[in-house]
Amino acid sequence: MARYEPSLIEPKWQDYWDQHQTFATPTALNGPKYYVLDMFPYPSGAGLHVGHPSGYTATDIMARYKRAKGFNVLHPMGWDAFGLPAEQYAIQTGTHPEVTTQKNIANFKRQLKSLGFSYDWTRELSTTHPDYYRWTQWIFLQLYQRGLAYVAEVPVNWCPALGTVLANEEVINGRSERGDHPVVRKPMRQWMLRITDYADRLLDDLESLDWPDSIKEMQRNWIGKSIGAEVDFKVSDHNANIRVFTTRPDTLFGATYMVLAPEHPLVQTLTTNAQRESVQQYIDQAATKSDLERTELAKEKTGVFTGAYAINPLNEARIPIWVADYVLISYGTGAIMAVPGHDQRDYEFARTFDLPIIEVITGGDISEAAHTGHGTLVNSGFINGLSVEEAKAVTIDYLVKHGLGQKAINYRLRDWLFSRQRYWGEPFPVAWDQSNQPHPLPEQQLPLRLPELADFQPSESGDPPLSKATEWLHFEMDGLPMRRETNTMPQWAGSCWYYLRFVDPHNQHQAWDKEKERYWMPVDLYVGGAEHAVLHLLYARFWHKVLYDAGYVSTAEPFMKLINQGLITSYSFKDASGRYVHTDDVDFDGNQAIDSRTGESLEFQVEKMSKGKMNVINPDRIIESYGADAFRLYEMFMGPLEMSKPWNTKSIDGVRRFLERVWRLVVDEETGALATGLSDTAPNDAIKRLYHKTIQGVSDDIEALRFNTAISKMMVLVNGLTKEDVRPREAVQGLLLMLAPFAPHLAEELWCRLGHQQSIAKSAFPVADPEWCVDDLITIVVQINGKKREALELPADIEQAEALSAAKNNERVASALQGQQIVREIFVPGRLINLVVKPRR
RNA sequence: GCCCGAGUGGUGAAAUGGUAGACACACGGGACUUAAAAUCCCGCGGAGGUAACCCCUCCGUGCCGGUUCGAGUCCGGCCUCGGGCACCA
């Protein structure tokens with residue numbers, strides 16, 4: 001073979017790596033380690049998307065680079081394979097989810113292998129395998145034993161179309177995240193996890209993580225800690241108190257009414273007979289409203305007066321008590337004091353129902369809108385004249401002293417709704433006795449396997465499919481008849497701890513070996529999509545902390561450094577009538593888009609890839625026509641890893657040409673022999689300098705995950721070498737070593753052709769000689785008043801005085817200085833000179 | 001509405017506060033070839049000037065202002081796009 005043909009060399013080296021176990025994880029638990037992890041995929045029927053490999057390539061480069069730098073590297077891959085699509089498919093076709101899952105995994109694995117990723121496939125795992133979910137169930141028991149798992153009858157998000165309950169975060173505007181079906185509220189018995197117990201730690205420990213600020217911020221907002229006070233309001237003519245939570249105790253004098261959530265237990269007690277009918281009507285209405293309707297109607301405030309009054313504990317004012325659904329039963333105490341002067345929602349409500357609005361903080365205009373900013377307290381008795389901050393502290397002190405309230409903290413975060421009415425998930429290791437008490441299964445009985453089932457349909461009532469597995473359902477424990485839990489765990493369960501199982505994936509006796517855990521954890525680099533910013537990453541951190549408290553893991557946090565790879569978008573094309581034209585039928589050069597069938601010119605725009613927009617790029621086809629190495633290189637060369645960027649198949653030509661140039665540095669395309677330019681003589685100074693600078697730059701860029709600029713630096717080296725008649729072997733080999741993490745197949749092939757017996761993956765990364773990374777002569781720019789006037793070639797180590805005199809003696813600079821007086825001279829060593837001048841008088 | 005992030009050539013993009021546009025795509029020109037492809041070399045932000053050639057000037061990083069000897073980069077305000085959250089008291 002004389003020419004570069006990826007279709008021949010890529011499978012060859014993939015087989016070689018497989019056969020030689022090139023990427024097996026070292027077993028020795030000493031020396032520097034690097035654990036680099038991808039968010040493992042859900043193996044969908046559609047197969048790999050060009051978006052997946054951008055993160056996978058980045059981690060693969062890091063894994064290969066760190067190995068070449070002498071690290072023990074753990075770089076595994078697995079499958080997050082429980083979940084809805086396989087089950088939906090089973091309902092439609094009767095195909096068992098296990099069958100679908102295996103088929104999809106095989107396809108994903110084939111695609112990942114065709115990209116030459118250096119995963120240790122001996123550590124492959126699937127969340128659906130009993131050897132894995134056995135330990136998912138075991139972790140659940142740990143949570144249960146620590147009182148962190150409990151059963152509650154809670155109004156949940158019931159999705160009739162999917163036949164399941166969804167977590168709050170899986171519901172978007174009252175519709176299911178998956179499938180966009182309507183969701184209604186329905187009370188049901190559910191498993192909950194007490195993630196709220198960990199809210200403070202989940203919040204505080206964010207500080208210690210090297211994560212993008214945006215993700216940390218999203219988690220902070222999701223946890224939603226707010227500090228304020230709980231205040232008790234006496235109810236007039238009743239022996240009852242209404243407790244409210246407020247972040248603004250300073251505005252207590254401005255409370256002109258109170259609001260209870262429709263579900264608040266005191267509503268029935270307080271409502272006067274005169275108001276009972278209308279209140280009941282309002283509550284019934286609110287109960288039947290789905291979340292969708294509640295949010296859709298959010299613009300307009302609704303509510304009803306109970307007829308009862310409360311007493312403001314500070315000034316004894318008698319204020320009416322209302323019921324309204326803008327107050328949520330699930331947050332705070334389900335009741336608020338309404339301060340329309342300084343809260344926009346209360347303001348709108350007060351305007352709608354003509355309730356009084358009092359200004360207690362200066363600085364706004366309460367005839368226009370609520371003033372939520374800073375100011376000075378007025379109309380507020382003993383806190384008049386104070387600032388907002390002072391007034392908060394003084395009010396809380398007063399409330400505490402008089403037994404009227406206390407400082408309080410609330411979180412937006414709710415407990416985690418942890419059960420689903422589905423078949424294709426982990427069964428709960430829990431049994432129910434005849435008096436309906438739960439009993440955890442003994443650990444030795446794990447795994448509790450999923451029973452075989454022919455009908456995956458949920459029942460109309462919402463009973464899960466597992467309730468149909470009659471033989472499985474009923475059993476005896478300690479001689480007592482028991483019924484198994486028929487809910488299953490949500491998809492998040494398996495992904496909450498897979499990174500721990502990778503450390504010791506075949507352990508039959510425990511979830512992982514502690515020593516292995518101590519060596520490999522935490523994950524040094526975790527790469528995945530930003531769509532998991534809150535859900536997966538928060539849940540996994542929660543489980544990890546529980547395991548940490550239980551002494552099973554040695555670190556408080558699982559993922560040290562996190563990177564979100566950017567979305568890969570793509571151009572989509574529309575003809576004059578506005579219909580999408582498939583990418584495959586378009587000739588596109590970045591300037592002009594033409595329908596290759598009709599010659600019609602097309603409009604184009606960058607959009608998210610989707611079938612409907614006909615702009616999905618299939619990685620198999622790209623590998624087929626350009627090779628895996630070019631594909632990998634292109635995805636990295638497109639731009640910074642974290643940025644979203646548009647795919648343009650035409651641009652792959654550039655990196656493919658680069659790889660061909662590298663090929664020709666080593667191989668004579670005519671004969672297939674080694675290129676004649678290759679030479680064992682030492683490189684000349686210019687090449688040697690370029691070579692060492694490239695090593696330096698590429699190493700720095702890889703460490704900082706700047707793969708795009710690393711590639712461009714290698715291109716510069718290749719362009720430099722190509723221009724030389726004689727290509728020193730030292731530089732060419734060094735280039736291959738640097739390129740190997742990016743384009744491993746090509747690097748292996750050329751390395752082998754250069755006569756090496758061992759895989760290039762076993763060779764060390766080149767080291768730059770600092771002496772050759774600096775130039776003797778450098779360009780120093782001369783500016784006058786900040787404008788570039790001249791560039792001088794001067795010795796790199798030149799002193800300020802000499803540089804200045806060289807500048808002033810320069811003909812062009814001197815003429816520009818005619819009639820000017822130098823008022824200041826700036827010298828930046830190795831960079832520039834700036835002469836600040838003004839006209840001489 | 002609130003919280004993040006991003007706006008730089010025809011395109012993807014580079015640039016510790018220090019020569020804006022590295023590296024590529026597309027395009028144009030040249031060499032090689034009977035020819036084409038491939039390859040190699042050159043040009044490529046805009047406007048203007050001088051000119052056989054060498055070059056020179058002004059403008060230019062979404063918009064307006066500020067800090068600085070010097071701003072794509074830092075600060076304030078705005079606009080547009082993308083992502084997230086959304087009655088959380």
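Atoms considered below: every heavy atom in the structure, side chains included; atoms not considered: hydrogens, waters and symmetry mates.
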Out of [options], whichever nucleotide has its closest atom nearest the side chain of [X]:
X: A:Arg657; options: B:A89, B:U11, B:C25; value: B:C25
X: A:Thr779; options: B:C87, B:A89, B:U19; value: B:U19
X: A:Met715; options: B:A24, B:C41, B:C87; value: B:A24
X: A:Leu832; options: B:C41, B:C3, B:G18; value: B:G18
X: A:Asp653; options: B:A26, B:C41, B:G18; value: B:A26
X: A:Arg789; options: B:A89, B:C58, B:C23; value: B:C58

Return the nucleotide paired to [N]: Watson-Crick means purine N1 to pyrimidine N3 with N6-O4 or O6-N4, wobble means G-U with N1-O2 and O6-N3, both under 3.5 Å.
N: B:C40; value: B:G30
N: B:A6; value: B:U80
N: B:A20; value: none

Could you state the atom-to-atom distance from [atom1] of [X] to [atom2] of [N] in whole Å?
X: A:Ile833; N: B:U19; atom1: CD1; atom2: P; value: 14 Å
X: A:Lys608; N: B:C81; atom1: NZ; atom2: C1'; value: 15 Å
X: A:Glu790; N: B:C56; atom1: CD; atom2: C1'; value: 12 Å

Flag side-chain contact, heavy atom, 4.5 Å: A:Thr57 against A:Phe707: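 Heavy-atom side-chain distance check fails, nothing below 4.5 Å.
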Could you measure the distance from the CE atom of A:Met609 to the OG1 atom of A:Thr569? Nearest 0.5 Å is fine.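 If we round to the nearest 0.5 Å, A:Met609:CE and A:Thr569:OG1 are 7.0 Å apart.
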Nearest-0.5 Å distance, CD of residue A:Glu207 to CZ of residue A:Arg220: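 Reported value, rounded in 0.5 Å steps: 5.5 Å.
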Could you give the side-chain donor-acceptor pairs of residues 790-797 of chain A under 3.5 Å, partners two or more places apart or in another chain?
residue  : atom : partner  : partner atom : Å
A:Glu790 : OE2  : A:Asn810 : ND2          : 3.3
A:Glu793 : OE2  : A:Thr779 : OG1          : 2.9

Report all interatomic pairs (protein N or O, nucleotide N or O of nucleotides 69-75 of chain B) with separations under 3.5 Å.
residue : atom : partner  : partner atom : Å
B:C69   : OP1  : A:Arg824 : NH1          : 2.7
B:C69   : O2'  : A:Asn834 : ND2          : 3.3
B:C69   : O2   : A:Asn834 : ND2          : 2.5

Distance criterion of 3.5 Å, no angle test: do you see the side chain of A:Lys301 paired donor-to-acceptor with the base of B:C87?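 Such a pair is found, so the answer is yes.
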Mind running side chain to side chain donor-acceptor pair (under 3.5 Å) on A:Thr583 and A:Tyr571 for me, showing each step along the way? CA-CA 8 Å; A:Thr583 311; A:Tyr571 290 98; over 6 Å; no
